[in-house]
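What follows is a set of notes on a single structure, which appears directly below.
Keep in mind it's a predicted model, so treat the numbers as computed, not measured.
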Amino acid sequence: MTRIVAGTVGGRTLQVPPRGTRPTSERVREAIFSRLEHLGVVDDARVLDLYAGSGALGLEAASRGAADVTLVDSARVAADVARRNVAALGLSNVHVVAQPAEAFVAGVAAAATQRSAAGDAAGAAGASSRGRAGHGPFHLVLVDPPYDVTAEALERVLAHLAVPGVLDPAAVVVVERSTRTPEPTWPAGWELVAHKDYGETAVFFVGPELPDDA
């Protein structure tokens, strides 16, 4: 059984797709969000949950005070399950997109580049506090790909996230991988702040600019 750990809908159960996903355990989710709340990046945050599956990570963020959450998964079955979870929890600030993660972030990156090319620097800066649902800049990105997603594919996703305007300058990106795979290659200018293993799951906290006390 998968459930929300804490927050406004803490304790509520979630449906999970019948196959093809690997839900993050409650223990790992609690550890992730304890650190994120310590960093102060959950409350009122604009959140992107890639490879979302049931949406457990993004829904946890919404329950704990995130302002806007976008769940992205390529599998239509998973996206349908996530939509049912959103409806059952009554979280109107959560949106579900049925699209491959790489394609979604490529679109967000292209839009950010277009804004920059149009000379909308002031608008892009202001968007760090305003923004549009699902378009960023994001304060928190949760990346939990299936273990069979290659290092190269993950590197492309992270490169799109690193395009100026996609992330808030103080954003945090959480990446989950198998402990049997090497540490991901981070985009230039990103810093690895923390790494913790939970059984077979390795969790990395990275970002372009993170608080010194992380």
- Answer yes or no: is there a side-chain heavy-atom contact under 4.5 Å between Asp49 and Leu59? no
- Task: Would you name the heavy atoms of Ala62 and Val94 that are closest together and state the gap between them?
- Result: CB-CG2, 3.7 Å
- Query: How about Asp73 and Val81: do any of their side-chain heavy atoms sit closer than 4.5 Å?
  - Reply: no
- Message: Which heavy atom of Gly53 sits nearest to which heavy atom of Pro17, and what is that distance?
- Response: C-CG, 4.3 Å
- Task: Quick one: closest heavy-atom pair of Thr2 and Ala56, and the distance?
- Result: CG2-CB, 4.3 Å
- Could you list the residues that satisfy salt bridge (Lys or Arg N to Asp or Glu O under 4.0 Å) with Glu176, not counting sequence neighbours? none
- In Å and rounded to the nearest 0.5 Å, what is the CG to NE2 distance from Asp43 to His139? 11.0 Å
- Message: Could you measure the distance from the NZ atom of Lys196 to the OG1 atom of Thr179? Nearest 0.5 Å is fine.
- Response: 13.0 Å
- Do Val157 and Leu192 share a hydrophobic cluster, counting only Ile, Leu, Val, Met, Phe, Trp and Tyr and linking them when any side-chain heavy atoms are less than 4.5 Å apart? yes
- Message: Checking Asp144 against Leu142 for the side-chain contact (heavy atoms from CB on, under 4.5 Å) test, could you report, in this order, the C-alpha distance in whole Å, the side-chain angles of both residues, the deciding distance, and whether it holds?
- Response: CA-CA 6 Å; Asp144 182 18; Leu142 304 161; over 6 Å; no
- Query: Going by heavy atoms in the side chains, are Val105 and Val166 under 4.5 Å from each other?
  - Reply: no
- Note on the structure: Shortest non-hydrogen pair, Leu57 vs Phe33, comes out as O-CZ, 3.3 Å
- NE2-CD distance between His195 and Glu183, expressed to the nearest 0.5 angstrom: 7.0 Å
- Query: Salt bridge or not for Glu155 and Arg177, using N-O below 4.0 Å?
  - Reply: no
- Item | Polar side-chain atom of Ser63 near backbone of Thr8 as donor-acceptor pair, under 3.5 Å | yes
- Query: Between Ala162 and Pro187, which heavy-atom pair has the shortest distance, and what is it?
  - Reply: CB-CB, 3.6 Å
- Message: The test is side-chain contact (heavy atoms from CB on, under 4.5 Å); show your working for Tyr147 and Thr201 and say whether it passes.
- Response: CA-CA 10 Å; Tyr147 287 163; Thr201 301; 3.3 Å; yes
- Item | Qualifying residues under salt bridge (Lys or Arg N to Asp or Glu O under 4.0 Å), relative to Arg29, sequence neighbours excluded | Glu60
- Message: Quick check for you: to the nearest 0.5 Å, what is the distance between Glu30 atom CD and Thr24 atom OG1?
- Response: 13.0 Å
- Message: Within 45 degrees of the ring normal and closer than 6.0 Å to the centroid, is that where the cationic atom of Arg27 sits relative to Tyr198?
- Response: no
- Checking side-chain contact (heavy atoms from CB on, under 4.5 Å) for the pair Val5/Arg64: CA distance, chi angles, key distance, verdict? CA-CA 9 Å; Val5 176; Arg64 293 175 185 242; 3.8 Å; yes
- Message: Tell me the closest heavy-atom pair linking Ala171 and Pro208, and the distance in Å.
- Response: O-CD, 3.7 Å
- Query: Roughly how far, to the nearest 0.5 Å, is CG of Asp68 from CZ of Phe138?
  - Reply: 7.5 Å
- Task: Could you tell me whether a side-chain N or O of Asn93 sits under 3.5 Å from a main-chain N or O of Ala67, the two making a donor and an acceptor?
- Result: yes
- Answer yes or no: is there a side-chain heavy-atom contact under 4.5 Å between Val206 and Leu158? no
- Message: Using a 3.5 Å distance criterion without hydrogens, assess whether the side chain of Arg156 forms a donor-acceptor pair with backbone atoms of Ala106.
- Response: no
- Within the distance-only criterion (no hydrogens, no angle test), does the side chain of Asn85 pair as donor or acceptor with the backbone N or O of Gln15 below 3.5 angstrom? yes
- Message: Filter on ring pair (Phe, Tyr, Trp, His ring centres under 6.0 Å), then keep only pairs touching residues 161-187, sequence neighbours left out; what's left?
- Response: Trp186-Phe204
- Message: Could you tell me if the side chain of Val41 sits less than 4.5 Å from the side chain of Phe205, heavy atoms only?
- Response: no
- Item | Sub-4.5 Å side-chain heavy-atom contact between Val174 and Leu140 | yes
- Show your reasoning for whether side-chain contact (heavy atoms from CB on, under 4.5 Å) applies to Arg83 and Val86. CA-CA 5 Å; Arg83 288 191 185 98; Val86 171; 5.6 Å; no
- Query: Quick one: CG on Leu167 to CG on Leu161, what's the gap to the nearest 0.5 Å?
  - Reply: 5.5 Å
